[in-house]
Amino acid sequence: MTKEQEAMLNRINQYAEQVMADIDPQKTQISIQLEKLKPIMETIASEQGRPLEEIFIEYMDLASEFSVQKAQQFKEDYLDFDMVQDDIYKSH
């Protein structure tokens with residue numbers, strides 16, 4: 001993920017925190033969530049001279065990539081924690 005892509009993802013996510021604070025993402029259809037994000041994506045599309053559809057697609061790709069990275073980091077952190085626990089148990 002480039003710095004520009006990361007900045008765009010952060011910008012959209014910050015906007016999402018404001019406009020979707022009362023929405024449960026697990027219970028709300030993606031189409032409704034994307035509709036709430038449409039204003040910020042339209043702004044970004046206008047600033048970059050790109051079609052709105054490209055911004056939607058890029059956002060979805062970046063959000064997915066970010067989610068995979070977070071899951072991988074969690075897994076690595078958990079494995080590190082597991083190893084530390086194993087070392088503690090072995091020493092007793």
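Just so you know, residue 1 is the first one in the sequence shown, and it goes up from there.
Distance check: S64 OG to Q69 CD gives 10.0 Å after rounding to the nearest 0.5 Å. Residue D61 holds its CG atom at 10.0 Å from CE of M1, rounded to the nearest 0.5 Å. Note: M41 CE to I57 CD1 = 11.0 Å, rounded to the nearest 0.5 Å. Annotation: the span from L52 atom CG to T43 atom OG1 amounts to 10.0 Å, rounded to 0.5 Å.
Residue-environment remark: CZ (F66) stays at or below the threshold of 12 foreign heavy atoms within 6.0 Å.
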Open item on the list: side-chain contact (heavy atoms from CB on, under 4.5 Å), that's the test. Do M60 and I30 meet it? Break it down for me.
Closed with: CA-CA 10 Å; M60 295 302 289; I30 294 291; 4.2 Å; yes

Indicate every side-chain donor-acceptor pair of residues 3-11 with a distance under 3.5 Å to a residue at least two apart or in another chain.
unit_1, atom_1, unit_2, atom_2, d
Q5, OE1, T2, N, 2.9
Q5, OE1, T2, OG1, 3.4
Q5, NE2, E58, OE2, 3.3
N10, ND2, E6, O, 3.3
R11, NH1, E47, OE1, 2.6
R11, NH2, E47, OE1, 3.4
R11, NH2, E47, OE2, 2.9

Could you go through residues 17-25 and list every donor-acceptor pair under 3.5 Å that involves a side-chain atom there, pairing it with any protein atom two or more places apart or in another chain?
unit_1, atom_1, unit_2, atom_2, d
D24, OD1, Q26, N, 3.0

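Residue L34 is grouped with residue I44 when hydrophobic side chains (ILVMFWY) are merged at heavy-atom distances under 4.5 angstrom, including chains of intermediate members.
Here the side chains of K36 and Y15 are not in contact, with every heavy-atom distance at 4.5 Å or above.
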